[in-house]
4 protein chains.
Amino acid sequence: MGAVKTKRMPRAVREQQMLDAAVRTFGRRGYMAASMDEIAELAGVSKPLVYLYLNSKEDLFTACIRREAAALTEAVRAGVRREAPADSQLWEGLGAFFTHTAQNPDGWAVLHLQARTHGEPFASEVAAMRAEIVAFVTQLILAAAREAHRDPDLPESEVAGLAEALVGAAEALADWANATPGVTAREAAATLMNFSWSGLGNLMAGRPWSPPAGAQPVAAHEVSG
Amino acid sequence: MGAVKTKRMPRAVREQQMLDAAVRTFGRRGYMAASMDEIAELAGVSKPLVYLYLNSKEDLFTACIRREAAALTEAVRAGVRREAPADSQLWEGLGAFFTHTAQNPDGWAVLHLQARTHGEPFASEVAAMRAEIVAFVTQLILAAAREAHRDPDLPESEVAGLAEALVGAAEALADWANATPGVTAREAAATLMNFSWSGLGNLMAGRPWSPPAGAQPVAAHEVSG
Amino acid sequence: MGAVKTKRMPRAVREQQMLDAAVRTFGRRGYMAASMDEIAELAGVSKPLVYLYLNSKEDLFTACIRREAAALTEAVRAGVRREAPADSQLWEGLGAFFTHTAQNPDGWAVLHLQARTHGEPFASEVAAMRAEIVAFVTQLILAAAREAHRDPDLPESEVAGLAEALVGAAEALADWANATPGVTAREAAATLMNFSWSGLGNLMAGRPWSPPAGAQPVAAHEVSG
Amino acid sequence: MGAVKTKRMPRAVREQQMLDAAVRTFGRRGYMAASMDEIAELAGVSKPLVYLYLNSKEDLFTACIRREAAALTEAVRAGVRREAPADSQLWEGLGAFFTHTAQNPDGWAVLHLQARTHGEPFASEVAAMRAEIVAFVTQLILAAAREAHRDPDLPESEVAGLAEALVGAAEALADWANATPGVTAREAAATLMNFSWSGLGNLMAGRPWSPPAGAQPVAAHEVSG
DNA sequence: TATGAATGAGTGTTCATTCAT
DNA sequence: CATGAATGAACACTCATTCAT
């Protein structure tokens, strides 16, 4: 199952192989239960090489967190057209988010489960990424208020709480979609848009949210597949 | 800080002391980083006694999960008047939930962080509790539809997704409230009710949700205290 | 060659067994080349027990140094009659010193070779013991001057240097006596008394130093053996 | 602080750079704690080159011992006028010895501390050099006896012991002088001449040894500098 | 000549777990 | 009922050493 044993690779390539193996192992076993032996074997290299390139288990885990956090935020960023209306941006962002977490379950487990469970310095590493996302959602909510020609008389902390709730819901739905066969990224995004934009009250009243024309909730290749 | 060393306690009492120590240690250090030595010392007993009563680290952790899961579900159950309208029940349940998680941060960490991060058999143990809560919320949503005199033409899986989203949002807000000084259980519950019941769209339109008369968002003793 | 495997010893006894094994191993292999595995095996216990009782390799080595330093200074102290003339005291002290180092070659190696070669905190540990001995010799030299009814117009630092030289000569002769079959502690002591008390010049002139009546250069049992 | 990285040096030069780095590292860290990585980096070359030129860590250390032993004996030899009286030769030899050890503390540490502490084959390597010095001192003592027109009725082994004592005292004083600010090589030599030539007894009687006219206790360039 | 890439073997240390009392 | 004494098994980490280029 490990990578084919190829010898004499340039350092950059080997490092990525190691990070791949580490993300997979950390994501499945957890930070402490993962052994450097197992990671090295899965990467197809000897343990000393892992230490030569990545210094320590702690540094290796931190590198995993950073790489996966960057990949996730980049995926969301790339999926959102910043000039679109607020609900379109949210719809697109959620689509990109659920698509990415579905395609990278181990990376998602590292970020969402493992990094938060093993104290400093890992927790703050992933907290920084999460804060970035929460800030983005907060801006979206304020933009929606502006678009509705309303002063956001909601206090700051109230908006922060709403953004937290939305992000938390998205995280839970990502786990749920990964664990429930047959639920696509698009469906998860639609469920969350309905929930968050219309609210349960409106849903009950028969007024669901519907995707704006032209919004792209998931990557093109996913739709065609 | 450990329990005062008293001799000859009845078994049930000793066991609770051990579970107290274990929940605290597991919640703060994590499952793997917690050592049986530390737990035994914190409980004020010798290590062999922990093994005599609780068999193994795995069994001890499982016992922690079960006890904390039971305590949490019981707290929510006790906070909800089952004959009240759906939104009242949700409001009361959320109040009870945020109150309990705020008062039991270690137990909440065991359930929400540690138990889910260390594979089987712990993950399914806590998944069972979570499924129970999700099922309760699902029933609430269906009841709300009935109260609104609408057939729930929403497909089953759609409702399940909504319930997952709501529960996920609640979990995130519990962490947020615990980490943000000055946010009370009542405020967290109100934020989530607004978010989930009215939806962001209605909030923007100036139609927030407001607590029904007679609903108790938090346990009575909390209000009086 | 290891101690007979006896089970369930009281802690104090086991600790001495471990120190015995450690002194022997450190003395022969050196601090770094000695492995905790080897020490544990030689002591007839498992490695975790060594750690349980003695904490770390560093602490174990420090404990060895302290025990051997205490034993050596105690042996010298016990061999010297403090009310005797200065040269008698030196003669007795040297006898005790050479006897002890001959009977404890591993302990002597720990003190004289290993502890000084591996930096702090070991070096200062043994330096303290050595300083004590140098101070004792310094007092002896000053006492000799007083006995000769001379003001010691030798400057302080000069006397310190003489004491250093005498102690250094004793250390070298201890190694030499241990390495040269047939050289007894008594002979080594006599050689050094001649060298230091009479000086080469006097020896050449046919005026060697001779042991004062009643002085005991070596332990009684050694003489009879 | 390492040598400037210059390419294409002749082999002999590169080898000396490596030995310089090795002596410094071995002298400060000890044989086992010194890593080939550190030595290579300090020498400004890659690790394989060190192995190409010097074969192994053991061989490298042996080469260090040999070079430093040769340098020390050569320094002493160069400082002594072989046709002078015995005490002059000793005085000059000691001066050269203390000067050299003060100027080469790392080399002295290698010879006096490290090489003797790590077993064969290093111990016998340095023992050979030491034996040479002891033999030289033995000859000096016998020559002094001849000069005093006395048959050395001292037995061979007695003279050997005296030489051992003198050399041991010199070694200890070298360490002492290096560790004690303000003690010069000349003072150390004078102290040891007094101690060994006159003896404590004569010192007490007010008959110290005094340097013969024309004797050179330290290298000429030191005096002028 | 010179080196970046790579590893086998071993180190100190920890921990869950079990006896004998 | 309760514990001091003890260990098998594993883990993170390091280092001398060697290829392939």
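Chain letters run A, B, ... following the sequence lines, proteins first, then strands; residues in each count from 1.
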Here the distance between atom C1' of dG4(F) and atom CG of Leu52(C), to the nearest Å, is 10 Å
N/O (side chain, Arg14(A)) to phosphate O (OP1/OP2, dA5(E)) under 4.0 Å: no
Name the stems with DNA chain E in them: runs of three or more consecutive Watson-Crick or G-U pairs, distances under 3.5 Å? E:2-21 with F:2-21
State which residues pass side chain to side chain donor-acceptor pair (under 3.5 Å) with Ser56(D); sequence neighbours excluded, sorted by chain then number. none
Quick one: do Met129(D) and Ile65(D) satisfy side-chain contact (heavy atoms from CB on, under 4.5 Å)? Show the steps, please. CA-CA 10 Å; Met129(D) 173 206 70; Ile65(D) 296 172; over 6 Å; no
Take atom CG of Leu49(C) and atom P of dT14(E), then tell me their distance rounded to the nearest Å. 14 Å
Quick one: salt bridge (charged side-chain N to carboxylate O under 4.0 Å, His left out) partners of Asp106(C), sequence neighbours excluded? Arg28(C)
Is Tyr53(D) close enough to dT1(E) that one of its side-chain N or O atoms is under 4.0 Å from OP1 or OP2 there? no
Can you name the side chain to side chain donor-acceptor pair (under 3.5 Å) partners of Asp20(D), sequence neighbours left out? Arg67(D)
To the nearest Å, give me how far apart CD (Glu15(C)) and C1' (dA6(F)) are. 15 Å
Nearest non-hydrogen partners of Val50(A) and Met18(A), listed with the distance: CA-SD, 3.8 Å
NA contact type, Arg11(D), heavy-atom cut-off 4.0 Å: base, sugar-phosphate, or nothing? nothing
What's the CG-C1' distance between Leu54(B) and dA2(F), to the nearest Å? 15 Å
Among residues two or more places apart or on two chains, list those pairs meeting ring-ring contact (aromatic ring centres under 6.0 Å, His included) that have a residue in residues 19-45 of chain A. Phe26(A)-Tyr31(A), Phe26(A)-Phe61(A), Tyr31(A)-Phe61(A), Tyr31(A)-His118(A), Tyr31(A)-Phe122(A)
Check the distance between dA5(F)'s P and Gln17(C)'s CD and give it to me in whole angstrom. 13 Å
Under the side chain to side chain donor-acceptor pair (under 3.5 Å) test, which residues partner Arg130(C), sequence neighbours left out? Glu164(C), Glu171(C)
Heavy atoms under 4.0 Å is the rule here; annotate nucleotides 15-21 of chain F 5' to 3' with B where the base is hit, S where only the sugar-phosphate is, and - elsewhere. BSBBBS-
Rounded to whole angstrom units, what separation is found between the CZ atom of Phe26(C) and the C1' atom of dG12(E)? 11 Å
Could you state the atom-to-atom distance from CD of Glu38(A) to C1' of dC11(F) in whole Å? 13 Å
For Ser35(C), which residues count as a side chain to side chain donor-acceptor pair (under 3.5 Å) partner, sequence neighbours excluded? none
Not counting sequence neighbours, which residues clear ring-ring contact (aromatic ring centres under 6.0 Å, His included) with Tyr53(C)? List them please. none
